[in-house]
Number of protein chains: 2
Amino acid sequence: MFSKTCEYAIRAMIFIAQKSKDGSKVGIKEIAKGIDSPEYFIAKILQELGRKGVVQSMKGPTGGFYLDNSARKTSLATIVKAVDGDNIFSGCGLGLKQCSDKHPCPLHHEFTKIRKDITSMLNKTRVGDLQEELDQKLTFLRRD
Amino acid sequence: MFSKTCEYAIRAMIFIAQKSKDGSKVGIKEIAKGIDSPEYFIAKILQELGRKGVVQSMKGPTGGFYLDNSARKTSLATIVKAVDGDNIFSGCGLGLKQCSDKHPCPLHHEFTKIRKDITSMLNKTRVGDLQEELDQKLTFLRRD
DNA sequence: AAAATAAAAGACAAAAATATCTTTTATAGA
DNA sequence: TCTATAAAAGATATTTTTGTCTTTTATTTT
């Protein structure tokens, strides 16, 4: 469904939301451990998300990653688009370049419904909400 | 959603269903052209599907690929499983190894519904049905 | 039986995704 | 102002996916 990069990105965003909710910042090592991802790899991903303004960061001592109030309202759709592009939102399920309502691939109609559900789910799910459920231990980002 | 390999596989299966409905067989070159895929690549994929009994083939002159009556009833789920495995049916949306109803990832509940829809769609959609729509020019496998 | 045909099998190549390491830049605190 | 810290940037490495080519095997036709 999502690329590995995108999976890490979403997990990291939720983790950062949790760790920075009191105004503090969280370092890349703690993030990598917290979401069980390769350290250097998630660093690259967050760098890119930082450039796009999806996550905030500060260099230097006491620096790290955090989410401001606006970033907490980021939808999953925004993250997915930033990382994987919008193939999942609009690409053809069978990989055809030419596929549309007017010129549908054999799976077009079946996919339209599913894609609509996915899009709506990603649009309405926000990082802050997922973080709250995580806080309440209703959901988990790792084994322990 | 699917790997490129899987997209080609589904497209090829529908194409073969169409071209072999009168009992004839279709060669790999015609398939590759018909679904706009790399010839040697789709050959490999069909080889594998052949081994698994999803598609039928014959070597030698007048040989080629075809679908018997039972193969026409193959669901997309069968093809997807044969090619991509069952990650799409059961894997965690965020890539966690440990993710279940009891120990859900932050997206688990949202994904459960979507995955259910995808699974049911893939299970009930059969190659033969898609081929009929293609025959009626209600859907297309290529531009022209 | 020999020749021609077409898929199967095996080896190889290129591209993309994933992962790692090193150097540079910004910031805080001594 | 100097040092330590942590992210940014850039370069490199590995793995997986995708794509290609060559040789072998099975089958039909002559």
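Lettering of chains follows the sequences in order, A, B, ..., and the numbering in each one begins at 1.
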Among A:V127, A:L141, A:I10, find the residue that satisfies the side-chain contact (heavy atoms from CB on, under 4.5 Å) test when tested with A:F15. A:L141
Inter- and intrachain pairs under salt bridge (charged side-chain N to carboxylate O under 4.0 Å, His left out), touching residues 81-110 of chain A, at least two apart: none
Between CD of A:E7 and P of C:dA19 the distance, given in whole Å, is 10 Å
Only counting residues at least two apart or in another chain, list the ones meeting salt bridge (charged side-chain N to carboxylate O under 4.0 Å, His left out) with B:K29. none
Among A:E7, A:R11, A:R142, exactly one meets side-chain contact (heavy atoms from CB on, under 4.5 Å) together with B:L96. Which residue is that? A:R11
Exam field: side chain B:R115 to backbone B:C92, donor-acceptor pair closer than 3.5 Å: no
Once you round it to whole Å, what is the distance between C1' of D:dA6 and CD of A:E39? 11 Å
Where at least one partner belongs to residues 22-57 of chain A, residue pairs that pass ring-ring contact (aromatic ring centres under 6.0 Å, His included), sequence neighbours excluded: A:Y8-A:F41
Do any pairs count as a ring-ring contact (aromatic ring centres under 6.0 Å, His included) and have a residue in residues 54-76 of chain A, sequence neighbours left out, and if so which ones? none
Give a yes or no answer on whether the side chain of B:S24 reaches the backbone of B:K19 with a donor-acceptor pair at less than 3.5 Å. yes
I'd like to compare against my own output: the B/S/- annotation of nucleotides 22-30 of chain D with a strict under-4.0 Å heavy-atom distance to protein. B--BBBB--
Sugar-phosphate or base contact per nucleotide [nucleotides 10-18 of chain D; S, B, -; heavy atom under 4.0 Å]: BB------S
